[in-house]
Protein chains: 2
Amino acid sequence: MAERWTAKGAATRSRIIDAAAALIYERGLASVGINDVREATSTSHGQVFHYFPGGRAEILRAVVERQARQALDDQRPELDALDSRESWQAWRSRLLAVHSARGAAGGCPLGSLAAQMAESDPEAARLIDAGFDVWAAHFERGLEAMRANGDLEPATDVPALARAILALVQGGFVLMQASRSIERLSQALDAVLLLVRENATDDQG
Amino acid sequence: MAERWTAKGAATRSRIIDAAAALIYERGLASVGINDVREATSTSHGQVFHYFPGGRAEILRAVVERQARQALDDQRPELDALDSRESWQAWRSRLLAVHSARGAAGGCPLGSLAAQMAESDPEAARLIDAGFDVWAAHFERGLEAMRANGDLEPATDVPALARAILALVQGGFVLMQASRSIERLSQALDAVLLLVRENATDDQG
DNA sequence: AAAAGTTTGGATAGATCTCTCCAGAACCAT
DNA sequence: ATGGTTCTGGAGAGATCTATCCAAACTTTT
């Protein structure tokens, strides 16, 4: 099914998704129509519906999947090795740097889509939720690694802690988006480090 | 300026705001047009623009202010007296009950508007941010009361803790909205209690 | 009761948006 | 090369949406 297009076609399709994602991130989903995407990509109306027979809804779902990847990539490479308190700190720095460079606008590439799509498109909501699952799994992996190294209290409820951390991150993004201030995200990430520290064994903080 | 309308007129205006808020909360902002609001309130097109000369954008801003109040009311009366660990627990229970009854859908009445309006309407973003400020101030007041009672570590950075708690709540709402599971909000609120407990003096937990 | 102001209903303009359809150009395999 | 497939361009139907405008009905005031 992914082989339905030639290399050229797949490139055009990607271009459409990328442009749609960028526009939605900058202006909000409601302000982005097919025509805006068409203009931004120098494509024709026919192409858009050729590559997305499901129309706008199908583009939007592709954007969700793209942004789920984007949100994770924004945190790499640190996201893949959150196995010490220092690595969590490095992860925090990267996330802040990325969103500082973006002007503290737009919120979470993935999370900001939740409020915009969840109520109108259940399938999109499912995709967003799946993205959160993968994200939380990365946190879990890091925390488990810490536990294996003896850096985390053995009794820690890792899945619950991972979800709490993800909630903190998402909430930090929401507050940041409303205020356009990186400070809000920074405070939330400080609390993440605090949570990790308080579940760590060597409580030297 | 608030006396521009008679009692009857003000009632109609309120009816419009309430209906718009409810529809937006249920279907998402992008799916709600003036016509939907008109139908839901059995009003005419003329009335809508009579009471909101600024058109759709003005209605939306009024909805933001209404939902800022709604979000706080959802947490009352506990929100006004978060001066002990028990009161935080009662607050948690109320919030869960309210959103459980709503089917764990829609997210935060206020916070869900951030992603939907912040990028397209700066004034709306300002109103949302102001709502968050009031919300955080309530948390601060409760925490300060705890400190005055000797229940909180004197060195606690209360404003930062309040912001972290608000971020947790907002993030919990985001995860809840995507998954339609009250469990996600519950986990976030558990973490709130944990944060409060860990900043409390008598660490018997 | 008359006048002034407010509220209500609805027609309609004007713009916008999604989506369908068709045809020509480019590409690829045999 | 040639036949089939994919890619591209654009016209236009059909629906929807915001907003304006005007006049009638109702309220309030004098």
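Letters A, B, ... mirror the listed sequences (proteins, then strands); counts begin at 1.
The base of C/dA11 does not come close enough to the side chain of B/H45 for any donor and acceptor atom to sit less than 3.5 Å apart.
Mapping A/T12 and B/F49 onto DNA chain D by nearest heavy atom places A/T12 at the nucleotide closer to the 5' end.
Taking 4.0 angstrom as the limit, A/Q47 places none of its side-chain polar atoms (N or O) nearer than this to OP1 or OP2 of D/dC7. Checking the phosphate oxygens (OP1, OP2) of C/dT8, no side-chain nitrogen or oxygen of B/T43 falls inside 4.0 Å.
Side chain to side chain, A/W135 and A/Q75 meet the donor-acceptor criterion of an N or O pair below 3.5 Å. Using a 3.5 Å distance cut-off with no hydrogens or angles, the side chains of A/R66 and A/Q70 do pair a donor with an acceptor.
Distance, B/F52 CZ to C/dT8 C1': 15 Å, rounded to whole Å. Between B/N35 atom CG and D/dC17 atom P there is a gap of 7 Å when expressed in whole angstrom units. Taking atom OH on A/Y51 and atom P on D/dC7, their separation rounds to 4 Å, with Å as the unit. Rounded to an integer number of Å, the gap from CG of A/D36 to P of C/dC17 is 6 Å. D/dA19 atom P lies 8 Å from atom CD1 of B/I59, rounded to whole Å. Between the CG atom of A/L23 and the P atom of C/dC17 there is a distance of 13 Å, rounded to whole Å. Atom CZ in B/R15 sits roughly 11 Å away from atom C1' in C/dT8 (whole-Å rounding). Atom CD1 of A/I34 and atom P of D/dA13 are 19 Å apart (whole Å).
When B/Q177, B/R27, B/Q116 are each tested for a side chain to side chain donor-acceptor pair (under 3.5 Å) with A/E119, only one passes: B/Q177.
Every residue two or more places apart in sequence or in another chain that forms a ring pair (Phe, Tyr, Trp, His ring centres under 6.0 Å) with A/F49 is listed here: A/H45.
Comparing C/dT7, C/dG10, C/dC19 by their nearest atom to the side chain of B/S44 picks out C/dG10.
Note that CD of A/E198 is 11.0 Å distant from CD of A/E153, once rounded to the nearest 0.5 Å.
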**Asked** What string of B, S and - do you get for nucleotides 22-30 of chain D, 5' to 3', if B is base contact, S is sugar-phosphate-only contact and - is no contact with any protein heavy atom under 4.0 Å?
**Response** ---------
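A salt bridge is absent between B/D121 and B/R56: the closest approach of a Lys/Arg side-chain nitrogen to an acidic carboxylate oxygen does not fall below 4.0 angstrom.
The shortest distance between side-chain heavy atoms of A/Y25 and A/P109 falls below 4.5 Å.
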